[in-house]
Amino acid sequence: MAAIYQAAYRRAALFCRSHSTYVKKMRYLNKLKEDDSLCRQAQTSGTFYLFHNLSPFLRKVEEKYLIPQLSAAEMKRILEKFKETEQWIEKSVLIGCSDEHVPHFALDLAGALERSVIEAELKGSFTDLRKALFVVDEDSSSLLASAQALLRWHDSHQYCSKTGQPTQKNVAGSKRVCHASGITYYPQMSPVVIILVSDGSRCLLARQPSFPQGMYTALSGFCDIGEAVEETARREVAEEVGLEVESLWYSASQHWPFPSSCLMIACHALVRGQQLEISMNSLELEEARWFGLEEVMEGLKREPKSAKQDNGNFLPWFPPKQAIAHQLINEWVKQQTS
Ligand SMILES: NC(=O)c1ccc[n+]([C@@H]2O[C@H](COP(=O)([O-])OP(=O)(O)OC[C@H]3O[C@@H](n4cnc5c(N)ncnc54)[C@H](O)[C@@H]3O)[C@@H](O)[C@H]2O)c1
Ligand SMILES: [Mg+2]
C-alpha cells in the first residue's frame, strides 16, 4: 500500500516540478518579447532554425528527417564565411525556448545567401513546408508550422497599411510598429471552423476540386467578421451542404499554416433527423456524401499510395494524423464503437 502512495507522491511531485518549469519558461519568453535588449542578448546564446523563402532546412539522417538547430557561433561563422553581415541575425524571430531557457529563433536567409550554398555547407536541404510537416516528428511539425507562419507574417507586413511607411519589428518579432502613425501590428491568424457532421450513425465528408484524388475531409470555413464559432459552424454547414445543425460540441484546436496561418477550431455536429438530404454547393465542393462506420474505418487505414484502383478510380482516404480533421474522424469512430 505504502508503495502505491509513494508512487502517487512521486507523480504529484513530478507534476509540480514540471508545472513550475513550464510557468518559468512562459514568463521568460514573455519577458523576451517585451524587452528588446534582453532579447538581443538572448540572440547571442540562442539556437537558430533556418528557412529559405519560407522553406525549412531539414537534414536526413538514416531514414529520419531532423531539423538542425544552429548555435549563435555557428550562425556567425556561416554569415562571415559567405561575407554577409551579422546584421542578418536581427531579422530572426523568437519561436520558443528550452526548459533550460536556451531561446530558439527562426531566420529566413533568402536575400542573404544562395539556397544551394547553405545546403552544401550544412548538408541538408530546404524543403517545402507541405512536405516537411509530414516527415518530421509531431513536436517538430508544430514548431515548423508556427515558425514559418511568423516569418511569413513579417515578410508580408513590411509597410504600414495606413501611412505606407516601413514598419519596424521588435527584436523578438512579436510585433511591428509604424513610427509615423504609432500603429502597432501583431501577428494574425484567421479563425476557421472545421465541423464533422453526423446523423448519429453516419458522418459527412466532402471533397474540394483542388484536393488530391480520393481524399475526403470534414467541412470547414473561415469565420466571417463578428461571428461566433457556433454561428460559423451553422452557416458553413448550411452553405456547403444545405443541412441544419442541431447540436454542436467542441473537440480541439490546431494552428494550420496553409494557405497562411489559420486557427482551426474543430467541432462535432449533429444534424436534424428529418432532414438528411445533402444539397451540395458545387461552387465550393466537388462531392459531399454520407460515410458509414465501416467505410470510415477502412479509409483511416488507407495510405494515399494504395488508394488508386486498377480501373483508375480512387478509394476514399482521409487527411494524415497531423491534420485536426484526422483527429475528428478518429473521435467519431471511437464514439460509434464505444
Ligand atoms: N488541418 C485540417 O485538418 C484542415 C481541414 C480542412 C481545411 N483546412 C484549412 O481550412 C481552411 C479553410 O477551409 P475552406 O477552404 O473550406 O474555407 P471556406 O469554405 O471558407 O472557403 C474558402 C474561401 O473563403 C474565402 N475567405 C474568407 N475569409 C478568408 C480568409 N481569411 N483567408 C482566405 N480565404 C478566405 C475565400 O474566398 C476562400 O476561397 C483552408 O485553408 C484549409 O487549408 C484544414
Ligand atoms: Mg469550406
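Whatever order the structure lists ligands and atoms in, that order sets their numbers, starting from 1.
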Nitrogen or oxygen contacts under 3.5 Å, ligand 1 side and protein side:
from, atom 1, to, atom 2, distance (Å)
ligand 1, 1 (N), Q254, OE1, 3.2
ligand 1, 3 (O), I324, N, 3.3
ligand 1, 3 (O), A325, N, 3.0
ligand 1, 13 (O), S220, OG, 3.1
ligand 1, 15 (O), Q208, NE2, 3.3
ligand 1, 16 (O), Q208, NE2, 3.2
ligand 1, 16 (O), S220, O, 2.9
ligand 1, 16 (O), S220, OG, 2.7
ligand 1, 19 (O), S220, O, 3.1
ligand 1, 19 (O), E240, OE2, 2.9
ligand 1, 19 (O), E284, OE1, 3.3
ligand 1, 20 (O), F222, N, 3.0
ligand 1, 31 (N), S190, OG, 3.4
ligand 1, 41 (O), F258, O, 3.2
ligand 1, 43 (O), W256, NE1, 3.2
ligand 1, 43 (O), F258, O, 3.3

Problem set entry | Aromatic plane relationship, W249 with H268 - under 30° parallel, 30 to 60° tilted, over 60° perpendicular | parallel
For this session: Please find out if the Mg ion (ligand 2) and some N, O or S atom of S220 are separated by less than 2.8 Å.
Result: yes
Seminar exercise, completed: Value for CG (L315) from OH (Y216), rounded to nearest 0.5 Å, stands at 10.0 Å
Exercise. Which of parallel (below 30°), tilted (30 to 60°) and perpendicular (above 60°) describes H157 and Y185?
Worked result: tilted
For this session: Mind checking the CG-CG spacing from L66 to L58? Nearest 0.5 Å is all I need.
Result: 8.5 Å
Exercise. Under 6.0 Å from the six-membered ring centre of F291 and within 45° of its axis: does the NZ or CZ of R289 meet both?
Worked result: yes
For this session: Please find out if the Mg ion (ligand 2) and some N, O or S atom of E240 are separated by less than 2.8 Å.
Result: yes
Seminar exercise, completed: Separation between CG (D108) and CZ (F57), nearest 0.5 Å, reads 13.5 Å
Problem set entry | Backbone of T21 reached by a side-chain donor or acceptor of D99 within 3.5 Å | no
